Amino acid sequence: MHRSPTAPPPSFVWTRRIVLTLLAAFALLPVYVMLSTSLKPLEDVSGRFRWLPSELTLRPYIDIWDTVPLARYFLNSLIVAGAATVCSVVVAVFAAYAVSRYRFRGKRVFTVTVLSTQMFPGILFLLPLFLIFVNIGNTTGVALYGSRGGLILTYLTFSLPFSIWMLIGYFDSIPQDLDEAALVDGCGPLGALFRVVVPAAVPGIVAVAVYAFMTAWGEVLFASVMTNDTTRTLAVGLQGYATQNDVYWNQVMAASLVVSVPVVAGFLLLQRYLVAGLTAGAVK
């Protein structure tokens with residue numbers, strides 16, 4: 001059988017297979033450890049690790065809801081991440097549309113400033129935001145510290161700059177002739193935005209939404225400082241499985257798998273839009 005002139009050499013094919021197999025094993029090995037540990041009784045995970053469980057049990061998946069108030073933490077994370085995502089997408093759409101379609105003084109400065117905020121590590125904003133929220137609460141009586149609203153505003157400071165920058169690039173890739181055609185047909189600027197530009201920019205908007213949701217869902221540093229026992233999120237609440245006497249490793253792994261389901265499921269469902277949005281928004 002003759003090999004095609006454009007076909008890669010056999011050595012390249014086998015090297016690719018070996019590398020991909022090693023990468024797949026490297027990625028799936030931690031998942032197997034988490035899954036197997038979550039199906040073991042506590043006495044089996046307290047000692048030496050065994051690759052094959054001697055006994056399988058679903059008890060850790062039942063106990064995780066009683067050891068800590070996981071349902072409340074789950075609800076807090078859904079509310080905070082969902083609200084932060086919606087606010088980030090709405091503000092980013094309007095801001096990116098204005099920058100992409102209109103000329104105004106300070107446009108370049110605004111774009112550079114928005115992007116430059118991503119250079120600073122998040123920990124630099126921890127103390128200033130804490131003091132701002134406390135002072136606002138003392139002055140106006142609006143409790144931002146220890147509330148879901150304060151945490152939502154905090155996450156907006158991280159997701160919004162990148163969301164605006166990415167949507168600017170995506171809106172720039174949409175021909176402005178579509179806006180002009182909508183204006184000729186009688187639409188106003190908002191009508192052109194929602195009837196023409198937004199439907200064409202669905203992949204970019206989905207990419208922004210996924211980024212904002214994942215940023216808020218797994219954040220630990222600010223959630224550990226800006227929340228209390230009532231508003232605590234999942235990323236911080238998982239620490240409750242570690243007590244002074246023991247660590248419930250099987251429940252930790254079970255809870256970690258449970259809380260990762262929304263993010264993994266959302267990513268798999270929206271993967272097509274996410275890839276299209278990231279590639280189109282990254283190139284002007």
Side-chain angles (χ1 to χ4, degrees), residues 78-120 122 125 142 148-217 219 262-284:
L78 282 178
I79 293 175
V80 171
T85 300
V86 172
C87 294
S88 180
V89 168
V90 171
V91 176
V93 165
F94 283 106
Y97 182 75
V99 174
S100 175
R101 292 298 193 262
Y102 297 101
R103 295 182 179 180
F104 54 89
R105 182 178 300 177
K107 174 180 176 179
R108 183 173 181 81
V109 175
F110 172 79
T111 306
V112 173
T113 302
V114 167
L115 186 59
S116 64
T117 57
Q118 300 298 107
M119 297 188 303
F120 302 100
F125 302 99
V142 178
R148 294 169 180 167
L151 198 59
I152 293 170
L153 290 176
T154 301
Y155 291 153
L156 281 178
T157 62
F158 303 131
S159 61
L160 194 56
F162 181 78
S163 300
I164 294 174
W165 176 77
M166 188 164 65
L167 280 183
I168 289 174
Y170 200 92
F171 286 166
D172 286 343
S173 66
I174 299 175
Q176 198 166 353
D177 296 340
L178 297 177
D179 306 44
E180 297 174 355
L183 294 176
V184 171
D185 291 339
C187 292
L190 291 179
L193 171 62
F194 289 109
R195 295 185 180 182
V196 177
V197 179
V198 169
V202 167
I205 295 174
V206 170
V208 167
V210 172
Y211 167 77
F213 186 86
M214 294 181 65
T215 300
W217 185 263
E219 201 278 329
V263 176
V264 174
F267 180 81
L268 293 177
L269 291 174
L270 303 174
Q271 182 180 10
R272 176 167 59 93
Y273 297 101
L274 180 63
V275 174
L278 288 175
T279 54
V283 180
K284 292 186 179 181

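All of these numbers come straight from a predicted model, not from anything done at the bench.
Rounded to the nearest 0.5 angstrom, W217 CH2 and L78 CG are separated by 4.5 Å. Here the OG1 atom belonging to T154 is positioned 8.5 Å from the CD atom belonging to E219, to the nearest 0.5 angstrom. For the atom pair I168 CD1 and T111 OG1, the distance stands at 4.5 Å (nearest 0.5 Å).
A search for side chain to side chain contact (heavy atoms under 4.5 Å, CB included) contacts involving F194 returns F94, L190, V198, not counting sequence neighbours. Residues passing the ring pair (Phe, Tyr, Trp, His ring centres under 6.0 Å) test with F125: none are found, sequence neighbours excluded. Partners of T215 by side chain to side chain donor-acceptor pair (under 3.5 Å), not counting sequence neighbours: none found. Judged as a side chain to side chain contact (heavy atoms under 4.5 Å, CB included), and not counting sequence neighbours, the contacts of A83 are I152.
Taking both residues in full, the closest heavy atoms of Y155 and A84 are given as CB-CB, 4.2 Å, listed atom of the first, atom of the second, then distance. Here the shortest heavy-atom pairing between A96 and F171 reads C-CD1, 3.6 Å. The minimum heavy-atom distance between F213 and A81, with the atom names listed, is CE1-CB, 3.6 Å. Scanning all heavy atoms of the two residues, the minimum distance from L156 to S88 falls at CD2-N, 3.6 Å.
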Please test V208 against I164 for side-chain contact (heavy atoms from CB on, under 4.5 Å), starting from the C-alpha separation and ending with a verdict. CA-CA 9 Å; V208 167; I164 294 174; over 6 Å; no

Run V99 and F104 through side-chain contact (heavy atoms from CB on, under 4.5 Å) and show every step you take. CA-CA 8 Å; V99 174; F104 54 89; 4.1 Å; yes

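Residue pairs meeting the salt bridge (Lys or Arg N to Asp or Glu O under 4.0 Å) criterion with at least one member in residues 192-203: none, sequence neighbours excluded. Annotation: salt bridge (Lys or Arg N to Asp or Glu O under 4.0 Å) contacts involving residues 95-119, sequence neighbours excluded, comprise R101-D179.
For the pair Y170 and S100, the minimum side-chain heavy-atom distance is 4.5 Å or more. Looking at V197 and L178, their side chains never come closer than 4.5 Å, going by heavy atoms from C-beta outward. P189 is listed as a side-chain neighbour of Y102, based on a closest heavy-atom distance under 4.5 Å.
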